[in-house]
Amino acid sequence: MAISNVPPGSCSTVVVVACVVFVVVVAGGTSSLRGHSAKPTVSATRTAATEKSTGFARLGGRGWSFGGSSPPRSISVTLADLPGRCGASAIVGPEPAVPASAVGGCGEGSLGRVTDSVRVRFAPSPTGFLHLGSARAALFNWLFARRHGGQFLLRIEDTDRDRSRPELIDVIFEGLEWLGLDWDEPPVHQSQRDDAHQAAVDVLLAGGHAYWSDAVPEGERDRVGGRAYDPADRDRGLPPARGRAVRFKVPHDGGVTSWNDLIRGEITVEHEHIEDFVIRRADGSPTFFLANASDDAHMGITHVIRGEDLINITPKYLLLRAAMGLEDATLQLAHMPLIVNEQRKKLSKRRDDVSLMDYRDRGYLASAMVNYLCLLGWGPPDGEEVRIDPLNLNDGFPTMFDITDVSSSPAAFDTKKLAHINGEHLRALSVEAFAELAMPFMVTAPFADRFGSDPADRTTFERILPEVQTRVTTLDEVPGYVDFFFVDSPEIDETSWNKAMVPDAAGWLDAVIAEVPGWDWDATVLHESFMGLAEELGANRRKFQAPVRVALTGRSVGPPLFESMELLGRDEVLRRLTVARSQLAGGG
RNA sequence: GCCCCCAUCGUCCAGCGGCCUAGGACGCCUGCCUUUCACGCAGGUAACACGGGUUCGAAUCCCGUUGGGGGUGCCA
């Protein structure tokens with residue numbers, strides 16, 4: 001990780017502290033990765049004080065600590081408070097979740113030796129729903145943290161007033177909890193770090209890395225007048241005043257900012273192509289760039305794993321860090337490819353189904369969702385794609401996830417494959433669990449008012465369920481397979497009826513109706529009796545069962561016929577057959 | 001426009017200079033099983049964008065072209 005052309009003297013003038021604090025030793029440097037020189041490697045960090053004999057001591061040294069489950073502290077930080085990576089209070093935590101053997105040997109593993117200082121974060125903005133892309137970003141960060149025995153943190157980017165509403169924030173927690181992604185420290189609320197952000201701006205201003213600007217944004221110029229931003233503004237030396245924003249002074253000295261992206265290799269951007277950007281709005285609020293860089297530093301983030309759409313802000317992020325004296329050789333960045341739709345466009349709220357929880361509501365299991373999301377841009381090295389417990393720390397994806405193996409090209413969201421995986425997960429469920437999970441879909445089904453009114457319904461439901469389990473791909477399909485048990489008369493599907501009611505159907509129905517009263521009422525026996533009858537009449541087995549099926553269920557497809565008959569009961573079967581027969585007679 | 005990123009079956013993932021006649025998965029097609037539909041099982045279909053290099057040898061490395069995407073806010 002190299003940032004060229006850092007303004008000379010920045011370290012001494014701006015943040016003396018940071019220079020002192022970063023005692024971290026970079027071990028291993030940038031060794032090549034499985035001989036693949038194009039891809040970068042994760043630098044390992046360790047200090048003598050924290051490395052236990054196991055080699056997997058957890059480096060948890062924050063300059064501060066949490067008291068139980070107390071809410072995040074709203075700390076007023078000056079840059080001097082920015083991360084104390086190796087302060088005196090280094091904490092040796094519990095053993096990492098991932099066994100040493102799974103991490104890979106030194107030099108052999110794709111990541112080489114990685115100690116447990118990894119701290120990653122998921123930093124969503126509360127928009128009222130959890131976007132699929134965000135969910136995957138959270139997932140990959142979580143996997144990375146768990147794989148390396150590090151911490152997965154949360155930061156709510158709620159600097160917009162209306163975005164800090166608790167209900168919007170809860171949606172994020174709900175989504176993560178549903179997926180099974182746990183976080184290790186109380187979430188940081190960006191809105192509560194305003195003092196720190198202001199302090200950061202002040203320091204940048206004082207160090208000559210930022211300046212006041214009276215330019216008016218385009219949208220407002222029509223209304224309030226004023227002039228557009230001019231690159232020459234950086235030299236006007238404007239004093240602070242109401243209504244003025246602060247811009248960061250990008251070093252236009254012919255230099256570049258570059259970093260070795262964990263997923264895509266080296267990325268370089270010339271400073272000439274980066275315009276001086278606003279870090280503090282005219283209303284005093286910090287912009288995303290400033291808050292983001294400041295908060296990551298505050299939280300001691302070691303690896304920034306985020307979407308590809310943020311590649312372009314990275315130079316600004318790095319420049320800001322450098323100017324704040326946070327130039328840190330251990331920071332690693334990884335930009336994941338976007339999830340795109342069939343048209344290869346970034347998943348959009350308007351066109352696509354991007355809300356994670358909508359998938360839950362349509363009958364997808366969290367485990368299937370996680371399983372599938374892991375397969376977008378990554379895949380287990382052993383090729384075993386379907387994992388019923390994908391997040392299992394002992395044998396799931398966390399034992400094998402490698403951020404440098406993440407693909408660099410966008411992945412299309414394929415609902416067909418998601419459905420297939422969901423089906424696999426559904427079939428792996430015990431009948432009891434399946435019943436439990438299907439219930440919410442039963443009580444909202446069209447026949448819900450009748451279903452459950454009779455205690456026998458539940459029994460019927462559970463008995464036919466094993467047959468339903470192999471037939472559905474999502475839980476919301478369940479009611480459609482069992483509805484005929486719980487309505488007075490099944491709605492007859494016309495196509496099915498026409499197809500089943502061949503010329504011989506009337507005679508067949510008559511024969512069945514005649515035999516039903518005498519048959520033993522057990523699915524297996526019914527099967528034999530029924531097929532015996534078909535043979536007697538010289539009828540084709542397939543064709544013979546079709547009219548009965550349509551008469552009883554309304555459709556030509558559904559659960560096995562004889563189990564259904566048994567559960568429906570002799571009287572009801574007789575009644576439905578008779579009704580169908582009469583409709584046939586009437587020319588139906 | 002400018003900047004950045006990407007490029008193997010329709011889709012996702014393998015491929016890390018010879019093991020590639022390019023592998024697996026989803027989808028699709030065929031067959032088997034079978035009371036329908038599923039499940040399961042057995043087959044099949046289908047890809048290295050193009051052009052130059054480098055090399056004894058390139059899907060793999062380099063350059064270019066083309067195509068696609070993302071970013072270009074006092075949004076995050």
Side-chain angles (χ1 to χ4, degrees), chain A residues 33-39 123-127 157-160 163 190 213 215-220 229 243-247 261 263-264 267-270 272-275 277-289 291-292 307-315 335 337-338 340 342-346 372 375-381 383-386 405 407-421 423 427 467-473 481 496 500 526-527 530-531 534 541-546 548-550 553 555-564:
Chain A
L33 182 75
R34 269 196 254 156
H36 187 212
S37 56
K39 283 202 175 181
S125 174
T127 55
E157 306 220 324
D158 56 349
T159 42
D160 264 19
R163 286 196 179 179
Q190 193 165 66
S213 162
V216 176
E218 194 178 340
E220 283 174 53
Y229 167 71
R244 286 181 183 169
V246 177
R247 279 180 190 265
D261 199 276
I263 292 174
R264 2 182 60 91
I267 298 176
T268 302
V269 178
E270 295 176 23
E272 303 304 327
H273 293 134
I274 308 169
E275 193 173 72
F277 53 96
V278 172
I279 56 176
R280 181 188 190 271
R281 299 189 190 89
D283 69 2
S285 61
T287 59
F288 166 71
F289 309 110
N292 198 254
E308 186 185 9
D309 49 344
L310 295 176
I311 283 187
N312 290 291
I313 74 123
T314 300
H335 289 93
L338 263 22
V340 297
E342 313 66 44
Q343 288 86 238
R344 301 246 120 216
K345 300 245 197 279
K346 179 173 148 181
Y372 178 64
L375 267 23
L376 281 184
W378 183 75
E384 261 188 61
E385 293 189 334
V386 177
D405 280 342
S407 162
S408 47
S409 49
F413 194 82
D414 181 1
T415 47
K416 290 247 184 66
K417 185 149 185 176
L418 205 213
H420 172 259
I421 289 174
R427 267 170 258 130
E467 300 296 349
V468 176
Q469 203 169 355
T470 58
R471 288 170 171 75
V472 296
T473 233
Y481 271 90
S496 299
L526 277 170
H527 185 184
F530 192 91
M531 289 311 166
R541 297 172 139 216
R542 285 166 184 273
K543 290 183 178 164
F544 188 69
Q545 58 92 41
V548 176
R549 177 180 292 281
V550 175
T553 72
R555 287 182 300 268
S556 56
V557 302
L561 187 54
F562 308 110
E563 280 75 3
S564 300

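Residue numbering restarts at 1 for every chain, and letters A, B, ... go by the order of the sequence lines.
If you measure from atom CZ of A:R471 to atom C1' of B:U35, you get 11 Å, rounded to the nearest angstrom. The CH2 atom of A:W378 sits 18 Å away from the P atom of B:A25 (whole-angstrom rounding). Between A:F530 atom CZ and B:U34 atom C1' the separation is 15 Å, expressed in whole Å. Atom CG in A:L375 sits about 13 Å away from atom P in B:G27, given to the nearest Å. Going from atom CD of A:Q343 over to atom C1' of B:G68 covers 13 Å, rounded to whole Å. Distance NE2 (A:H335) to P (B:C3): 20 Å, rounded to an integer number of Å. Taking atom CG of residue A:L418 and atom P of nucleotide B:A25, one finds them 19 Å apart after rounding to whole Å. The CD1-C1' distance, from A:I267 to B:C6, rounds to 11 Å in whole Å.
For B:C2, the paired nucleotide is B:G71, the pair qualifying as Watson-Crick or G-U wobble because both relevant distances are below 3.5 Å. Of all nucleotides present, none satisfies the Watson-Crick or G-U wobble test against B:A59 with each distance under 3.5 Å. With a cut-off of 3.5 Å on both Watson-Crick or G-U wobble distances, the partner of B:A25 is given as B:U11. Across the strands present, B:G40 finds its partner in B:C32; the criterion is a Watson-Crick or G-U wobble pair with both atom distances under 3.5 angstrom. Under the Watson-Crick or G-U wobble criterion, with both distances below 3.5 Å, B:A49 is paired with B:U65.
One C1' atom belongs to B:G10, the other to B:C48, and the distance between them is 16 Å to the nearest Å. Comparing B:U60 with B:A49, their P atoms are spaced 8 Å from each other, to the whole Å. Comparing the P positions of B:C26 and B:C41 gives a spacing of 10 Å, expressed to the nearest Å. B:C2 and B:U45: their C1' atoms are spaced 44 Å apart (whole Å). Taking atom P on both B:C5 and B:C39, the two are 44 Å apart, rounded to the nearest angstrom. Comparing B:G68 with B:C28, their C1' atoms sit 25 Å apart, to the nearest whole Å. Taking atom C1' on both B:G17 and B:A59, the two are 11 Å apart, rounded to the nearest angstrom. Comparing B:A7 with B:A14, their P atoms sit 11 Å apart, to the nearest whole Å.
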Can you check each nucleotide of nucleotides 71-76 of chain B against protein heavy atoms at under 4.0 Å and return B for base, S for sugar-phosphate only, - for none, in 5' to 3' order? S--BSB
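Residues meeting the side-chain hydrogen bond (donor to acceptor under 3.5 Å, both in side chains) test with A:T415, sequence neighbours left out: none. Looking at residues two or more places apart in sequence or on another chain, you find a side-chain hydrogen bond (donor to acceptor under 3.5 Å, both in side chains) between A:S556 and A:S496. Residues meeting the side-chain hydrogen bond (donor to acceptor under 3.5 Å, both in side chains) test with A:E308, sequence neighbours left out: A:R264. Among residues two or more places apart in sequence or in another chain, the side-chain contact (heavy atoms from CB on, under 4.5 Å) test is passed with A:P380 by A:L375, A:W378, A:D382, A:R387, A:F397, A:M400. In this view, A:R281 and A:D283, A:S285, A:T287 satisfy the side-chain contact (heavy atoms from CB on, under 4.5 Å) rule, not counting sequence neighbours. Considering only residues two or more places apart in sequence or on other chains, A:T553 meets the side-chain contact (heavy atoms from CB on, under 4.5 Å) condition with A:F484, A:R549, A:R555. Not counting sequence neighbours, A:Q469 has no partner by the side-chain hydrogen bond (donor to acceptor under 3.5 Å, both in side chains) test.
When heavy atoms are screened at a 4.0 angstrom cut-off, A:G377 is found touching the sugar-phosphate backbone but no base atom. At the heavy-atom level, A:F277 lies nowhere under 4.0 Å from the strands shown. A:L561 comes within 4.0 angstrom of a base, heavy atoms only. As judged by a 4.0 angstrom heavy-atom cut-off over every strand, A:P381 is placed among residues making no nucleic acid contact. Here A:R427 lies in heavy-atom contact (under 4.0 Å) with sugar-phosphate atoms only. A:T268 comes within 4.0 angstrom of the backbone, heavy atoms only, and of no base. Within 4.0 Å (heavy atoms only), A:G383 reaches no atom of the nucleic acid at all.
Ring planes of A:H527 and A:F562: parallel class, angle under 30° (limits at 30 and 60°).
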Would you tabulate the nitrogen or oxygen pairs shorter than 3.5 Å linking the protein to nucleotides 41-46 of chain B?
none

Every protein N/O within reach of nucleotides 63-67 of chain B N/O, cut-off under 3.5 Å:
none

Set out, line by line, the N/O atom pairs under 3.5 Å between protein and nucleotides 30-32 of chain B.
none

Taking N or O atoms only and anything under 3.5 Å, show me the protein contacts with nucleotides 7-11 of chain B, one pair per line.
{"residue": "B:U11", "atom": "O3'", "partner": "A:R344", "partner atom": "NH2", "Å": "3.4"}

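The CZ atom of A:F289 sits 11.0 Å away from the CD1 atom of A:I279 when rounded to the nearest 0.5 Å. Atom-to-atom distance recorded for A:S409:OG and A:I263:CD1 is 11.0 Å, nearest 0.5 angstrom. The NE2 atom of A:H420 sits 9.5 Å away from atom CD of A:E385, with the distance rounded to the nearest 0.5 Å.
A distance-only check finds a donor-acceptor pair linking the side chain of A:R471 to the backbone of A:E467 [under 3.5 Å]. Not one N or O on the side chain of A:D261 forms a donor-acceptor pair closer than 3.5 Å with the backbone of A:I267.
Distance from the side chain of A:R264 is smallest for B:C5 among the nucleotides B:C5, B:G70, B:C16.
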For A:H335 and A:S408, run side-chain hydrogen bond (donor to acceptor under 3.5 Å, both in side chains): C-alpha distance rounded to whole Å, both residues' side-chain angles, the deciding distance at 0.1 Å, then the answer. CA-CA 8 Å; A:H335 289 93; A:S408 47; over 6 Å; no
For a side-chain hydrogen bond (donor to acceptor under 3.5 Å, both in side chains) check, start with the C-alpha distance between A:N292 and A:E157, then their side-chain angles and the critical distance, and finish with the verdict. CA-CA 8 Å; A:N292 198 254; A:E157 306 220 324; 3.2 Å; yes
Step by step, work out the side-chain hydrogen bond (donor to acceptor under 3.5 Å, both in side chains) result for A:T127 and A:S125. CA-CA 6 Å; A:T127 55; A:S125 174; over 6 Å; no
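The shortest distance between the side-chain N/O atoms of A:H273 and the OP1/OP2 oxygens of B:C2 is not below 4.0 Å. Regarding contacts with the backbone of B:U36, a side-chain N or O of A:R542 is found under 4.0 angstrom from either OP1 or OP2.
For A:E218, the CD atom counts as loosely surrounded, since its 6.0 Å shell holds 12 or fewer non-hydrogen atoms of other residues, nucleotides or ligands.
Taking 3.5 Å as the limit, the base of B:U35 and the side chain of A:R549 contain a donor-acceptor pair of atoms between them.
A cation-pi arrangement is absent between A:R247 and A:F277, since the terminal nitrogen or guanidinium carbon is not both under 6.0 Å from the aromatic centre and inside a 45° cone about the axis.
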